[in-house]
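We count residues from 1, following the sequence as given. These numbers were taken from a predicted model, which means no experiment stands behind them.
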Amino acid sequence: MMNISDSLIYRIATTSDCDSLNVLINSSYCGELSHQGWTNADELILPPRTTADTLFSMIDSGNYVFLMFFGEKDQILKGCVHLFHEAGSKIAEIGMLAVRPDLQARGYGKFILSIAENYAVNNWNVEYIELKTFIDRYELTAYYIRRGYIDTGRRHLFPKEKMKLGTTQRDELEVCTMKFPVNLYAELF
Ligand SMILES: CC(C)(COP(=O)(O)OP(=O)(O)OC[C@H]1O[C@@H](n2cnc3c(N)ncnc32)[C@H](O)[C@@H]1OP(=O)(O)O)[C@@H](O)C(=O)NCCC(=O)NCCS
């Protein structure tokens with residue numbers, strides 16, 4: 001399959017980007033449109049995954065950096081990811097990694113993940129990247145393992161109260177924390 005990741009450019013989102021981020025994240029995570037992609041959380045959560053207000057609060061707090069990825073030629077929003085880092089911490093957390101459902105499986109996700117990892121290393125000098133996935137999303141966990149992530153063994157229940165408008169399809173959903181040891185790979189290659 002052709003890898004067209006190199007045609008993506010990115011910038012940091014501001015609070016004025018919340019509406020477009022909201023559409024992208026919700027369409028890729030759950031609901032009808034998400035079925036166009038190869039993996040989604042549609043069987044686990046009822047939409048919406050997030051809201052523009054939630055995204056506004058996250059960006060406005062200054063604790064999250066959202067990276068938005070656009071086609072270099074067409075300038076269309078194709079993917080995003082956010083990073084969370086606390087001053088002095090050696091860990092950055094990645095979340096809301098999303099690629100427009102009709103544009104998945106072309107290498108965009110891998111590209112966005114690697115840019116986010118590099119952003120965290122270059123800006124915060126972190127040693128680890130962490131992310132969380134639903135334990136039941138085996139295909140997604142396998143995807144991250146192929147990217148070098150390790151299952152930490154840490155588990156917790158998904159805090160569904162954080163979803164605001166959406167909800168979960170089950171009473172309890174277990175979340176798994178995965179970890180990427182940045183320096184280990186830097187030393188190996
Ligand atoms: C997860 C996500 C960001 C990946 O983006 P993407 O652009 O499709 O990813 P890539 O093109 O880089 O990689 C596609 C991978 O999926 C694999 N894949 C494709 N179809 C698949 C299928 N039906 N089953 C399992 N794996 C499949 C490919 O083999 C490739 O992996 P590999 O390179 O290790 O072989 C995207 O699917 C998405 O936005 N999903 C919805 C939101 C979400 O769940 N985000 C993650 C929350 S933790």
Side-chain angles (χ1 to χ4, degrees), residues 1-56 58-59 64-84 92-122 129-134 136-149 158 163-166 169 175-176 178 180:
M1 185 162 304
M2 187 172 63
N3 184 326
I4 52 171
S5 300
D6 53 356
S7 65
L8 284 186
I9 53 173
Y10 78 95
R11 67 170 172 80
I12 295 174
T14 69
T15 48
S16 62
D17 294 309
C18 293
D19 286 337
S20 47
L21 280 172
N22 187 39
V23 171
L24 170 66
I25 293 165
N26 281 314
S27 64
S28 66
Y29 269 81
C30 48
E32 193 69 30
L33 287 175
S34 72
H35 297 170
Q36 294 177 43
W38 65 271
T39 179
N40 56 67
D42 197 50
E43 287 185 1
L44 305 177
I45 56 177
L46 287 167
R49 165 69 180 83
T50 190
T51 64
D53 286 347
T54 304
L55 295 169
F56 186 98
M58 292 170 81
I59 295 173
Y64 292 86
V65 175
F66 272 82
L67 305 181
M68 300 174 77
F69 292 79
F70 301 85
E72 189 168 20
K73 290 185 183 144
D74 60 19
Q75 301 291 307
I76 291 172
L77 178 61
K78 298 183 176 175
C80 70
V81 66
H82 75 55
L83 291 136
F84 174 82
E93 193 171 320
I94 281 177
M96 290 189 180
L97 171 66
V99 171
R100 222 175 77 172
D102 57 327
L103 300 175
Q104 291 181 17
R106 300 175 183 209
Y108 285 147
K110 284 189 272 279
F111 179 75
I112 293 170
L113 194 58
S114 68
I115 295 282
E117 291 161 354
N118 287 336
Y119 184 96
V121 172
N122 294 336
I129 310 288
E130 285 193 355
L131 54 79
K132 294 179 171 53
T133 68
F134 288 121
D136 290 337
R137 293 186 67 186
Y138 306 109
E139 77 291 351
L140 185 60
T141 310
Y143 174 75
Y144 289 125
I145 288 172
R146 293 199 298 279
R147 311 277 85 77
Y149 284 75
F158 180 68
M163 284 191 67
K164 311 284 183 200
L165 296 180
Q169 301 258 37
V175 175
C176 149
M178 303 190 78
F180 179 69

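Across Leu24 and Cys80, no two heavy atoms sit closer than the pair CD2-SG, 3.6 Å. Summarising the geometry of Ile94 relative to Leu113, their closest heavy-atom pair is CD1-CD1, 4.0 Å, with the distance given to 0.1 Å. Minimum interatomic distance between Asp42 and Gly31 (heavy atoms only, all atoms of both residues): OD1-N, 2.6 Å. Closest approach of Ala120 to Leu83, counting heavy atoms only: CB-CD2, 4.0 Å. The minimum heavy-atom distance between Pro101 and Ser28, with the atom names listed, is CG-CA, 3.8 Å.
The environment of Asp19 atom CG is sparse: at most 12 non-hydrogen atoms of other residues, nucleotides or ligands sit within 6.0 angstrom. In this structure, Gln36 places its CD atom where more than 12 heavy-atom neighbours from other residues, nucleotides or ligands lie under 6.0 Å away.
Here the straight-line distance linking atom OG of Ser114 with atom CG of Asn118 works out to 6.0 Å at 0.5 Å rounding. Once rounded to the nearest 0.5 Å, the distance linking CZ of Phe180 with CG of Leu131 reads 10.5 Å. Within the model, atoms CZ of Phe69 and OG of Ser7 stand 12.0 Å from one another, a figure rounded to the nearest 0.5 Å. Rounding to the nearest 0.5 Å gives a distance of 10.5 Å between CZ of Phe70 and CG of Leu8. With rounding to the nearest 0.5 angstrom, the CD atom of Gln75 is 4.5 Å from the CD1 atom of Ile9. Rounding to the nearest 0.5 Å gives a distance of 4.0 Å between CG of Asp17 and CE of Met68.
With sequence neighbours excluded, the residues that form a side chain to side chain donor-acceptor pair (under 3.5 Å) with Glu139 are Thr39. With sequence neighbours left out, Tyr29 forms a ring-ring contact (aromatic ring centres under 6.0 Å, His included) with no residue at all. Listed by chain and residue number, Thr15, Cys18, Asp60 satisfy the side chain to side chain contact (heavy atoms under 4.5 Å, CB included) test with Phe56 (two or more places apart in sequence, or in another chain).
Taking the six-membered ring for Trp and thresholds of 30 and 60 degrees, Phe158 and Phe134 have ring planes more than 60 degrees apart, a perpendicular arrangement.
Screening Ile45, Asn40, Leu44, Ile25 against Cys30 for a side chain to side chain contact (heavy atoms under 4.5 Å, CB included) leaves a single residue, Ile45.
At a threshold of 4.5 Å between non-hydrogen side-chain atoms, the residues Asn26 and Pro48 count as touching. Contact of the Leu21 side chain with the Met96 side chain is not registered, since no non-hydrogen atoms from C-beta on lie closer than 4.5 Å.
For the pair Tyr149 (side chain) and Thr141 (backbone), a donor-acceptor distance under 3.5 Å is absent. In this structure, the side chain of Gln104 engages the main chain of Trp38 through a donor-acceptor pair within 3.5 Å.
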